[in-house]
Amino acid sequence: MTSLAELTSNPDELIRKDRVRTPLYTDPAIFEAEMTKIFHNTWVWVAHVSEIPNNGDFKMAQVGLEPVIVVRDRKGEIHVHLNRCRHRAATLCEVRKGKTSSFVCPYHGWGYSLDGKLRGVPYENGYNEEQIDRSKLSLKSLRVEEYNGLLFATFRDDIEPLADFLGPAKKWIDLFMKQGGGYPVKTLGEHKFRFPGNWKIQLENTTDAYHFPLVHKSFLTAVDKETEQQLDMLNNGGFVEDLGNGHSVMVMIPELIDLDDNLEAPIPEKFAELAKELAAEGYSDLEVRRIVRAVGGSGFNINLFPNLACSMAFFRVLQPISVNETEIRHIAIGMDGGPAAANRARIRLHEFFQGPMGFGSPDDAEVWDRVQHGAKGGEDMWIMLHRGLNKEDSLPDGRHRSDVSAETGMRAAYDQWKRMMTV
């Protein structure tokens, strides 16, 4: 069985251009190294701006295994603080999200302002001035930057700007955010679950169209004929493209890349009633068409290495728990200030596929479980990632593109994984 030591001394023993060894799913030492070498050394998604819209709003998140608080301070600035008191390491916050004017440690009462500064120490006369220098005891704060509503944080102060890290993915993020239908995008709600498998199994899944006709057969039998034909993604001319830095895009419905294109096309029958309702509320024909198009979602998935997918009509966030356990959050998105009827329709579509009783998530979780279970056998064997390699086109900047069923996106993610893990 290959090991972390062999990865450091001879990376090709664990990962090659078209395959990886199963210890990447099963070796606890590799998992621990990932949390440091990858999650401590890159931009990690922590929130959408709509989750903390007002001063004092906060939410909990994680960067790798480390708990953080994402908060908007009194001046409207966004901070990401390590969720740890500087005194005896107790977490300051155990509420998933909310609104506050400060953070106070429940253990000994040390208090911090929203920007992380230490403001209060009970019975401070028990310390001398050298022991309590408040300027040196602020919360540990991460660097945070935003792109089109997506908030990312990093432990590294010397890392490249977020915009450079995202690179060609920015174009696709901009297209994805057209799901606001003329309004800002906002989160509508979420559900989360855990599956007994490694985080990279899910990372691969978001850029894997090859599984869709088989794993999601029950879903395809439950939709209308027009939708079924639209989701015949292996025969619709889609593609997968490496976007650099481990990111990728999988285009499944090419006619839905830009939601503003061809708005004069007939409104799908499944949205006819919604269109009538919007028209009755006074929306113009163009507004109705733009909103209805947005309700249906985009025709592609973006994988943003290492932990976020902008997946057709929702955010999928992966959170590593251990080498063989991962938490998944499915966050529905809608229109901030848009018509209530449209946001209700978005939620119903989300529930139909991604909800806990939907047609999509349970089937995905079942196969992820099977992959981890199967990986316990034959750890000296390769996991194959070579589909579409022989048909891959090289782009001018060295990136690659292949047909929609290719494993190009997975190869892109593992290229970045290899670069970061062998530094």
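Here the structure is a predicted model, which means the values were calculated and not measured. In this chain, residues are counted from 1 in sequence order.
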Trainee: With no hydrogens and no angle check, is any side-chain donor or acceptor of W45 less than 3.5 Å from a backbone partner on A47?
Mentor: yes
Trainee: Less than 4.5 Å apart, side chain to side chain, heavy atoms only: is that true for Q372 and P196?
Mentor: no
Trainee: Can you name the residues that form a salt bridge (charged side-chain N to carboxylate O under 4.0 Å, His left out) with R88, not counting sequence neighbours?
Mentor: none
Trainee: If I compare all heavy atoms of T206 with all of A309, which pair ends up nearest, and what's the gap?
Mentor: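 Closest approach of T206 to A309: CG2-CB, 3.3 Å.
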Trainee: Would you confirm whether the ring centroid of F152 sits within less than 6.0 angstrom of the ring centroid of F165?
Mentor: no
Trainee: Is the CE atom of M35 crowded by more than 12 outside heavy atoms at less than 6.0 Å?
Mentor: yes
Trainee: Could you pull out all residues at least two apart from E255 that satisfy side-chain hydrogen bond (donor to acceptor under 3.5 Å, both in side chains)?
Mentor: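 E255: no side-chain hydrogen bond (donor to acceptor under 3.5 Å, both in side chains) contacts found.
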Trainee: Run the side chain to side chain contact (heavy atoms under 4.5 Å, CB included) test against E145 and tell me which residues pass, sequence neighbours left out.
Mentor: W43, R143, P161, L162
Trainee: Taking ring-ring contact (aromatic ring centres under 6.0 Å, His included) as the test, write out the residues that go with Y183, two or more places apart.
Mentor: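 Testing Y183 for ring-ring contact (aromatic ring centres under 6.0 Å, His included), a comparison that skips the adjacent residues, returns none.
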Trainee: Answer yes or no: is there a donor N or O on one side and an acceptor on the other, between the side chain of N83 and the main chain of P67, under 3.5 Å?
Mentor: no
Trainee: Name all residues meeting the side chain to side chain contact (heavy atoms under 4.5 Å, CB included) criterion together with D364; count only those two or more places apart in sequence or in a different chain, and write none if there are none.
Mentor: N205, H211, V215, H216, R316, W368
Trainee: Kindly say whether D242 contributes a backbone atom to a donor-acceptor pair with the side chain of R399 at under 3.5 angstrom?
Mentor: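 The answer is yes, because a donor-acceptor pair under 3.5 Å joins these two groups.
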Trainee: Around atom NE2 of H87, are there more than 12 heavy atoms of other residues, nucleotides or ligands at under 6.0 Å?
Mentor: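 Count over threshold, so yes.
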Trainee: Can you pull out every ring pair (Phe, Tyr, Trp, His ring centres under 6.0 Å) where at least one residue sits in residues 390-409? Sequence neighbours excluded, please.
Mentor: none
Trainee: Write down the atom of I69, the atom of F58, and the distance for their closest heavy-atom approach.
Mentor: CG2-CB, 4.1 Å
Trainee: According to ring-ring contact (aromatic ring centres under 6.0 Å, His included), who are the partners of F193, at least two apart in sequence or on a separate chain?
Mentor: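 Residues passing ring-ring contact (aromatic ring centres under 6.0 Å, His included) with F193: H330.
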Trainee: Can you name the nearest heavy-atom pair linking Q179 to A294, along with the distance?
Mentor: O-CB, 3.4 Å
Trainee: Answer whether the closest heavy-atom distance between the side chains of V323 and N198 falls below 4.5 Å.
Mentor: yes
Trainee: So which atom in S50 and which in V185 form the shortest heavy-atom distance, rounded to 0.1 Å?
Mentor: CB-O, 4.1 Å
Trainee: Name all residues meeting the side chain to side chain contact (heavy atoms under 4.5 Å, CB included) criterion together with K170; count only those two or more places apart in sequence or in a different chain, and write none if there are none.
Mentor: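 With neighbours one apart ignored, the set is Y147, A163, L166.
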Trainee: Is the backbone N or O of T26 less than 3.5 Å from a side-chain atom of K376, with the two atoms forming a donor-acceptor pair by type?
Mentor: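 A pair under 3.5 Å: no.
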Trainee: Regarding E287 and R290, does a basic nitrogen lie under 4.0 Å from an acidic carboxylate oxygen?
Mentor: no
Trainee: Any ion pair linking D73 and K75 (charged N to carboxylate O, less than 4.0 Å)?
Mentor: no
Trainee: The criterion is ring-ring contact (aromatic ring centres under 6.0 Å, His included); which residues satisfy it with F239, sequence neighbours excluded?
Mentor: none
Trainee: Hey, is the main chain of L175 close enough, under 3.5 Å, to the side chain of D258 for a donor-acceptor pair?
Mentor: no
Trainee: In terms of heavy-atom contacts, does NZ of K140 have more than 12 from other residues, nucleotides or ligands at under 6.0 Å?
Mentor: no
Trainee: Looking at every non-hydrogen atom in both residues, tell me the closest pair between H350 and I331 and how far apart they are.
Mentor: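 Reported closest heavy-atom pair: CE1-C, 4.1 Å.
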Trainee: Are the side chains of W172 and V251 in contact, using a 4.5 Å heavy-atom criterion?
Mentor: yes
Trainee: Carefully, step by step, assess L318 and I328 under the rule side chain to side chain contact (heavy atoms under 4.5 Å, CB included).
Mentor: CA-CA 5 Å; L318 66 86; I328 301 296; 3.9 Å; yes
Trainee: Within the supplied structure, the quantity of interest is the number of heavy atoms (other residues, nucleotides, ligands) at a distance under 6.0 Å from R74 CZ; does it exceed 12?
Mentor: no
Trainee: Kindly give the heavy-atom pair with the smallest separation between T326 and W199, and that separation in Å.
Mentor: OG1-N, 3.1 Å
Trainee: Should R344 and E277 count as an ion pair when the cut-off is N to O under 4.0 Å?
Mentor: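 Between E277 and R344 there is a salt bridge, with a charged N closer than 4.0 Å to a carboxylate O.
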Trainee: I'd like to know if the side chain of T422 and the backbone of K418 have a donor-acceptor N/O pair within less than 3.5 Å.
Mentor: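 Confirmed, T422 side chain pairs with K418 backbone.
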Trainee: Decide yes or no on side chain to side chain contact (heavy atoms under 4.5 Å, CB included) for V317 and N307, but give the supporting numbers first.
Mentor: CA-CA 6 Å; V317 188; N307 74 321; 4.2 Å; yes
Trainee: Is the side chain of R21 donor-acceptor paired with the backbone N or O of E379 at a distance under 3.5 Å, no angle test?
Mentor: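 No.
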Trainee: Do other residues, nucleotides or ligands put more than 12 heavy atoms under 6.0 Å from R370 CZ?
Mentor: no
Trainee: Distance-only, no hydrogens or angles: does the T100 side chain make a donor-acceptor pair with backbone N or O of S102 under 3.5 Å?
Mentor: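 At least one qualifying donor-acceptor pair exists.
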Trainee: Without swapping roles, check the side chain of R346 against the backbone of A313 for a donor-acceptor pair under 3.5 Å.
Mentor: yes
Trainee: So does K200 pair up with E204, basic N to acidic O under 4.0 Å?
Mentor: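 Result for this pair is no, no salt bridge flagged.
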Trainee: Would a distance-only check, ignoring hydrogens and angles, find a side-chain to backbone donor-acceptor pair under 3.5 Å from R16 to D12?
Mentor: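 Checked: pair present.
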Trainee: Is the closest side-chain heavy-atom distance between V144 and H79 below 4.5 Å?
Mentor: no
Trainee: Which of these, R289, R293, K178, sits in a side chain to side chain donor-acceptor pair (under 3.5 Å) with D260?
Mentor: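 Among R289, R293, K178, the one meeting side chain to side chain donor-acceptor pair (under 3.5 Å) with D260 is K178.
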Trainee: Run the side chain to side chain contact (heavy atoms under 4.5 Å, CB included) test against R387 and tell me which residues pass, sequence neighbours left out.
Mentor: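 With neighbours one apart ignored, the set is Y210, S405, E407.
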Trainee: Taking salt bridge (charged side-chain N to carboxylate O under 4.0 Å, His left out) as the definition, give me every residue that meets it alongside E392, ordered by chain and number, with sequence neighbours left out.
Mentor: R411
Trainee: Report yes if some heavy atom in the side chain of N245 is under 4.5 Å from a heavy atom in the side chain of F305; otherwise report no.
Mentor: no
Trainee: Please identify each residue that fulfils side-chain hydrogen bond (donor to acceptor under 3.5 Å, both in side chains) with S135, with sequence neighbours left out.
Mentor: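 For S135, the residues satisfying side-chain hydrogen bond (donor to acceptor under 3.5 Å, both in side chains) (neighbours in sequence not counted) are D133.
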